[in-house]
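Structure record follows, encoded as structure tokens.
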Amino acid sequence: MINQYNSFFGVGGWVLVLILIWSLFWKGCSLWVAAKNNQKWWFLVFLFINTAGILEIVYIFAIVKKWSDIKEVFSKPVSSQ
């Protein structure tokens with residue numbers, strides 16, 4: 001049992017865990033921004049397509065465009081629509 005645990009969490013296992021954490025962070029941020037901007041199609045794309053954070057980063061920094069826009073999105077209250 002312990003040998004199976006050690007073999008999974010060798011170098012490759014820890015790399016997978018780090019990629020998972022990286023991907024979940026960017027997925028959460030992009031889902032939050034898409035929901036705040038009421039962009040349902042982007043929300044669905046991020047929810048169902050996994051790109052290890054690449055598409056999410058492009059969306060946040062290229063489509064939303066400016067850091068000030070991102071700060072505004074995170075600071076405005078959630079609408080009840």
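All residue numbers in this chain count up from 1 along the given sequence.
- A single hydrophobic cluster is not seen to contain both Phe43 and Val58; linkage of ILVMFWY side chains at heavy-atom distances under 4.5 Å, directly or through other members, places them apart.
- When all heavy atoms of Gly53 and Ser23 are compared, the closest pair comes out as N-OG, 4.1 Å.
- Using bins of under 30°, 30° to 60° and over 60° for the plane-to-plane angle, the ring pair Phe61/Trp26 lands in the perpendicular bin.
- Screening Leu55, Val33, Thr51 against Phe46 for a side chain to side chain contact (heavy atoms under 4.5 Å, CB included) leaves a single residue, Leu55.
- Tracing side-chain contacts under 4.5 Å through hydrophobic residues (I, L, V, M, F, W, Y), one never reaches Leu16 starting from Leu24; they form parts of separate clusters.
- For the atom pair CD1 of Ile54 and CD1 of Ile49, the computed distance is 13.0 Å after rounding to the nearest 0.5 Å.
- Rounding to the nearest 0.5 Å places CG of Leu31 at 9.5 Å from CG of Leu44.
- Remark: side-chain polar atoms of Lys27 are not paired, donor with acceptor, to backbone N or O of Glu56 under 3.5 angstrom.
- The minimum heavy-atom distance linking Trp42 with Ala34 is given by the pair CB-CB, 4.1 Å.
- Trp41 and Trp32 fall within the same hydrophobic cluster, where Ile, Leu, Val, Met, Phe, Trp and Tyr residues are linked whenever their side-chain heavy atoms come under 4.5 Å apart, directly or through other members.
- The two residues Ile60 and Ser30 make their nearest non-hydrogen contact at CD1-N, 3.7 Å.
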